[in-house]
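Worksheet: one structure, shown below.
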Amino acid sequence: MKLLGEKGVERLLSVVAFSAISALGLIAVFIFIEGLPFLFKYGIKDFLLSSDWRPDAGKFGIYPMIAASFWVMLGAMLIGAPLGIAGAIFLAEFVPKTVMNIIKPAIELLAAIPSVIYGFIGVVVLAPVIRDLFGGPGLSLLAGAIILGIMIMPTVISISIDSLLAVPVSFREGSLALGATKWQTVHMLTTKAAKSGIVASIILGMGRAIGETMAVIMVTGNSVMIPHSPLESVRTLTANIALEMSYAIGMHREALFATGVVLFIVIIILNSIASVAIRKKVIVK
Amino acid sequence: MEESKKVHDIIDIKNLDLYYGQFQALKSISMSIQHKMITALIGPSGCGKSTLLRSLNRMNDLIRGVRITGQVLLDGKDIYNSGMEITELRKTVGMVFQRPNPFPLSIYDNVVYGLRVAGVKSKSQLDEIMEWSLRSAWLWDQLKDKLHHPALQLPLDQQQRLCIARLLAVKPEVILMDEPCSALDPISTSKVEDLMHELKKDYTIVIVTHNMQQASRVSDYTAFYYIGNLIEYADTKKIFTAPGVKQTEDYISGRFG
């Protein structure tokens, strides 16, 4: 460090930081360069709304994958959001601080488990249970929704806890001093004050659910079909890219990049909404 | 009116000891609070006056490691008895905090919060008590046209009086005030003090204050605390003109604290 001096270190760090940012920027540019021309060539409407995906016949309609991604994401939210928010409320409001300080990092650690492990558990444990209980192939939309529901829970819990804890103690005291019980305080006041943070946690969870690939490929069965029941096999947008990229050439390859553009835009929108919501964690208006 | 002002005890504190873990914050406190009077608790920081105030509606229960022995009788019933319904106690003995803490809700929702907590649903009843509470806290004329505005946008003194209105709505008997004016400027302070005089007709008020002038202006009785002990408790006039204990005199004349 002595060699570089104060100014030198600063310059070095800024170069590193900028290369990281520009790498991200380049990825975005790359996806758009590869994908956008196809969108205009093939027609955005045909691409998004047709359900005919036969790359060998030159048909590239990704509607079944859009529907699959949407339903899997929605199912994951229906499972993960209520459980995650309930868990966050319990940990933030009803458990001693010391206990929360152990459990919260443990839950956040769940996010570090490689998604292939979640997929593995889905295939080995969850799919057979679904097959036995409800019939169908087991590897299904429902399996995807359950696995993703579990996978997004760390995100939902962690951000919801942060926003609940950001609610000033004085609000809670004021409520209790008016004769409210702890639970009344939570549902009449604390959750309302932390609303935008909780909403942000759900939206970030949605982003994760839509973007997740490996676990989804393993548990959803990957048939290109518009789902009519949660027990059917489906293929999401991400799964489609991952499964076909290795052998795709020409228009097919471009179509997969265009799918990437669609995903990119959806996730950028979701994350922007979330970061706006997080910024005003507590509604002080 | 003079008839109803007949002096009697509403709160009777008997041999109250309070510990935070190993530390004893209150040492064998005994004092009675007179009905429909204003009682001031004064003393230097850390003397236990706020702790005492918070043990009158069991807000100290929220702090881990607090241990209490002795009795606090409210209308003859020990509030530390296991049969005491704590939510009922806090409706009877309400509290105003040091920093105004209106909820991040509308003015209307703030005032009816305690009623909703108590299960009141009828809109007409809520409206009626809400108007009465705001009138009692001298806020109705200023706020009647913006009941659905966010309470946190009000100036601080109105916020504090809104907190008082919110309390009046649940019909308390005793109002505890923990340095209610320390966040306010002198003009706002005098408004809150005037309001206290008005409220005295119907409520018993216990106020913790750092401000000796305030204690002498508003209170009927004054208790001087020092390191967890009740040093002297008497008529406010007597405390400020002819204190019976040397320590009280030193504190009041500004020699320490």
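All heavy atoms count here, side chains included; hydrogens, waters and symmetry mates do not. Proteins get letters first, then strands, A, B, ... in listed order; numbering begins at 1 in each.
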Please report the interatomic distance [atom1]([X]) to [atom2]([Y]), rounded to the nearest 0.5 Å.
{"X": "Phe103(B)", "Y": "Met188(A)", "atom1": "CZ", "atom2": "CE", "result": "8.5 Å"}
{"X": "Lys192(A)", "Y": "Asp109(B)", "atom1": "NZ", "atom2": "CG", "result": "6.5 Å"}
{"X": "Leu152(B)", "Y": "Phe171(A)", "atom1": "CG", "atom2": "CZ", "result": "5.0 Å"}

At a heavy-atom distance under 4.5 Å, which candidate from [options] has the highest pair count against chain A?
{"options": "Arg90(B), Glu88(B), Lys91(B)", "result": "Arg90(B)"}
{"options": "Glu85(B), Arg58(B), Met59(B), Met95(B)", "result": "Met59(B)"}
{"options": "Arg54(B), Arg99(B), Gln98(B)", "result": "Arg54(B)"}

Residue by residue, scan residues 62-78 of chain B and write down, ordered by number, those that have a heavy-atom distance under 4.5 Å to chain A; if none do, write 'none'.
Leu62(B), Arg64(B)
Part of Pro102(B) lying under 4.5 Å from any heavy atom of chain A
backbone
Heavy-atom contact with chain A under 4.5 Å, split by part of Tyr113(B):
both
Heavy-atom closest contact (Asn101(B) atom, Ser170(A) atom, distance)
ND2-O, 2.9 Å
Atom [atom1] of [X] with >12 non-hydrogen neighbours under 6.0 angstrom:
{"X": "Tyr63(A)", "atom1": "OH", "answer": "no"}
{"X": "Phe94(A)", "atom1": "CZ", "answer": "yes"}
{"X": "Gln142(B)", "atom1": "CD", "answer": "yes"}
{"X": "Phe120(A)", "atom1": "CZ", "answer": "no"}
{"X": "Phe134(A)", "atom1": "CZ", "answer": "no"}

Do Thr185(A) and Val117(B) come close enough that some side-chain heavy atom pair is under 4.5 Å?
no
Under the rule for ring-ring contact (aromatic ring centres under 6.0 Å, His included), what residues qualify as partners of Tyr108(B), not counting sequence neighbours?
His148(B)
